[in-house]
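Report on one structure; see the data block that follows.
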Amino acid sequence: MIYIVTAFHVEAKPLIEHFDLKKLYEPSKFQIFSGNDILLIESKEGIVKSSIATTFAMTKFGAGSKDIALNIGICGAVENAFSKGDIILCNKIINHHSKKAFYPDILIQHSMKEATLESFMHPVKKESLPVEIEGDIVDMESAGFFEAASIFLPLHNVHCIKIVYDFLDFEKINLVEIQNLIKQSIPHIESLINSLLKLNLEFCSNAPEIDNIPLLVNKLKNSLHLTAYMTNELESLLKDYIIRHKKLPDSIFEFFEVQINSKKEGKNYFDKLRKILLS
Amino acid sequence: MTSSEKSFLAKHFSHVYIEKAVLSHPVTIKILENLQNSQIVKIDNYKEVFCRARQNYSLQEKSKKLILAKKWGEFLYPGPSICHNFGYDNFFYTSNILNCIYSCEYCFLKGMYSSANVVIFVNIEDYFKEIDAVLKNKPLYLSVSYETDLLALEKIVPFSSAWIEYAASKQNLTIEIRTKSTNFQALENLKPQDNVILAWTLSPQEIIEKFEHGTPSLSSRLYAIKKATENGWKVRLCFDPILYIEDWKSIYEKFLKQVFGEINPDKILDISLGLFRIPKDYLKRMKKAFANEITSFPYEESQNIYTYPKELKEEMTNTILLKLREFVLPSKIFVI
Ligand code: SF4
């Protein structure tokens, strides 16, 4: 699943249209859209709300380690080194208020610029910029999003993508322009998503037998009346065996059928199985 | 790695994380000269990046990042009992660099750290100061390439040369630089020092291909060793770790024949021989990050160290030792 968190509907709309997402009508405090293995949630403005929305989505929909989370939205640029519409993958995200810094793991190539982002609780104007600001760009959500998402997912799967909209000079917000800027960025975002999917698929995939271990262990636990300690040991022995031999031991299926009449008998069978798995 | 994998992964050191305190350190500046296309990210402390929760070590190995930092506190550590001290009393090791550009599947570093990224402590001058102070009271035998392969990173940061130049002026210091690199060229202009041991880890080509990812081939390592001995350097050969694999007997026999077909044993200072062994806790962590033939072997534990079961261990050691003695005097062989 790809989790996308945006602050406002105007940022979400082009993504909803492009990925053909449909509104979820389950009761929730948030507007949620889904489809094609993507779930988009609108958090509204601010670090805290972004963090709450991210946590809500990832808890409710059961985020797993191969899932991806993206925070997408507009930002203000501190430096004139950027231009309106520049699409930026953040390599450092700072919560201006707690001074906590977060670092996504950028393991793949991408077509965006990179920068440090600083998240504030309030809108920042050029004339009132704090002197100690470290970010090249600023927003009001990313730090909350990142802190929350990185509790659920590995760091290479959590990213903040920001599109430069203003230069902290508070020009009047133009909704159509924002939508267009997001729309223009979609090819870059899509290509990042594809690379992340490839990374997770190609390098994090287990042998199918390993995925079946919990099932096998459960069966053997019941048939051999194993204690919790034996069950744990069996799980690790099975995993090691499969890694070494690239398959299950042929004789393992015989152990599913045994009838146990005493604890001692169970232990004898377990020892036998152990010996096989150590070979 | 195939070219399609390469094409979507970011290059090694695509990002350099630099502690603000060392941004203008001369070593930092030198390193960045070679990494002009890398993204620079400023940090307060290397642990912010290196010790983050939820890093995926095995994925990070595909695209290692560089972290430049300043080392504080302790600079020298007593040599661990699972390493050989080669008869030296004051055996210490030091770590200018954490982690390695190579990726050996048996490497203990995979169980030691939660990150595959490489940390370089740029303030080498502070290491030297600390050692100066220790040398006033006692001689030192120092392993300087303990948590990395220093010579393999010489093009990024010339620390092997720096250590050799430092050692040149210190009579009661002996340093060992252990490597799998063939980058002897980088040292060729230096004068061989009596108190510097260049130690090459050698493995059969079959093992290199299967488990020592990214490292040079056996024949190119042998070529580098030959050059080093011809140039007058003290060279140690490390057959360590010896690994149990199918056909290990014939593979290691063929290997020793090849090594001593190329290298004159008289030109070698000594040889260390050790079977794969690893602290219990490290193996536990390695297993979580990696599942491979090495981490999944049913080892035996003794004093918190995992190694091969006693009988197998004895058989392997004796077989290899016997073969080795056909080429080398027993007095030159250190077994651990
Ligand atoms: S060369 Fe040495 S330090 Fe580097 S990965 Fe291999 S075993 Fe580890």
Side-chain angles (χ1 to χ4, degrees), chain A residues 65-66 89-94 99-110 112-116 134-136 149-158 191-192 194-200 202-204 206-207 210 213 236-246 274-275 277-279, chain B residues 1-2 4-12 14-17 20 38-65 67 105 114-117 244-246 283-284 287-300 309:
Chain A
S65 65
K66 287 182 195 168
L89 184 67
C90 303
N91 53 30
K92 175 172 181 176
I93 298 131
I94 305 163
K99 296 291 172 239
K100 254 186 163 176
F102 308 97
Y103 301 89
D105 248 348
I106 303 176
L107 303 180
I108 45 162
Q109 289 193 30
H110 61 87
M112 302 173 227
K113 291 188 175 177
E114 285 191 26
T116 295
E134 194 186 319
D136 310 301
S150 59
I151 287 173
F152 296 91
L153 304 183
L155 294 173
H156 66 275
N157 280 341
V158 184
S191 134
L192 181 90
N194 289 340
S195 296
L196 286 173
L197 288 173
K198 194 169 169 189
L199 183 75
N200 287 303
E202 281 190 17
F203 297 115
C204 298
N206 278 334
I210 288 187
I213 285 180
S236 111
L237 286 171
L238 252 174
K239 195 172 172 201
D240 284 350
Y241 185 95
I242 292 170
I243 294 161
R244 289 198 309 277
H245 299 272
K246 315 274 178 287
R274 201 163 171 272
K275 217 167 161 188
L277 294 174
L278 282 172
S279 64
Chain B
M1 209 182 284
T2 65
S4 82
E5 281 172 21
K6 270 186 196 154
S7 63
F8 88 100
L9 291 168
K11 285 200 179 87
H12 285 321
S14 61
H15 292 70
V16 186
Y17 297 87
K20 290 167 192 162
S38 302
Q39 289 283 340
I40 308 292
V41 185
K42 291 179 207 162
I43 56 176
D44 289 311
N45 186 301
Y46 79 95
K47 289 183 184 164
E48 283 177 82
V49 180
F50 194 61
C51 305
R52 287 171 296 171
R54 280 172 294 283
Q55 299 181 78
N56 184 318
Y57 195 114
S58 61
L59 284 184
Q60 284 182 335
E61 286 231 292
K62 313 278 175 202
S63 175
K64 299 183 192 194
K65 313 301 182 199
I67 303 168
E105 287 189 22
S114 54
S115 174
N117 294 333
Y244 173 78
I245 49 165
E246 227 184 302
L283 186 70
K284 234 180 177 172
K287 277 177 111 148
K288 270 194 194 149
F290 297 87
N292 61 35
E293 241 177 84
I294 292 170
T295 59
S296 64
F297 190 90
Y299 297 107
E300 258 176 26

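Chain naming here is simple, since letters A, B, ... match the order of the sequence lines and numbering starts at 1 in each. For clarity, every value in this text was computed on a predicted model and none was experimentally measured. All heavy atoms count here, side chains included; hydrogens, waters and symmetry mates do not.
With a threshold of 4.5 angstrom between heavy atoms, B:Ile43 approaches chain A through its backbone and through its side chain. In this structure, no portion of A:Leu237 lies under 4.5 Å from any heavy atom of chain B. Contact annotation for B:Glu48: both backbone and side-chain heavy atoms come within less than 4.5 Å of a heavy atom of chain A.
Considering only residues two or more places apart in sequence or on other chains, B:Arg52 meets the salt bridge (Lys or Arg N to Asp or Glu O under 4.0 Å) condition with A:Asp105. The side chain to side chain contact (heavy atoms under 4.5 Å, CB included) test applied to A:Lys99 returns A:His96, A:Glu132, not counting sequence neighbours.
Taking A:Ile151, A:Asn91, A:Leu107, A:Leu199 one by one and counting their heavy-atom pairs under 4.5 Å with chain B, the maximum is reached by A:Leu107. Heavy-atom pairs under 4.5 Å with chain B were tallied for A:Val158, A:Asn194, A:Leu278; the largest tally goes to A:Leu278.
Between B:Ser296 and A:Ile243 the shortest heavy-atom distance is OG-CG2, 3.7 Å. Of all heavy-atom pairs spanning B:Lys20 and A:Glu134, the tightest one is NZ-OE1, 2.9 Å. Closest of all the heavy-atom pairs between B:Lys65 and A:Ile106 is NZ-O, 2.6 Å. The two residues B:Lys42 and A:Lys92 come nearest to each other via the heavy atoms O-NZ, 2.6 Å.
Residue A:Lys113 holds its NZ atom at 11.0 Å from CD of B:Gln39, rounded to the nearest 0.5 Å. To the nearest 0.5 Å, atom CG of residue A:Asn157 and atom CG of residue B:Asn56 are 8.5 Å apart. Once rounded to the nearest 0.5 Å, the distance linking OG of B:Ser14 with CD of A:Glu114 reads 7.5 Å. Once rounded to the nearest 0.5 Å, the distance linking CZ of A:Arg244 with OG1 of B:Thr295 reads 10.0 Å. Rounding to the nearest 0.5 angstrom, the gap separating the CD1 atom in A:Ile108 from the CG atom in B:Leu59 is 11.0 Å. From B:Ile67, atom CD1 reaches atom OH of A:Tyr103 across 10.0 Å, with rounding to the nearest 0.5 Å.
At distances below 3.5 Å, at least one donor-acceptor pair connects side-chain atoms of A:Gln109 with backbone N or O atoms of B:Leu9.
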Can you check side chain to side chain contact (heavy atoms under 4.5 Å, CB included) on A:Lys239 and B:Lys287, steps first, answer last? CA-CA 10 Å; A:Lys239 195 172 172 201; B:Lys287 277 177 111 148; over 6 Å; no

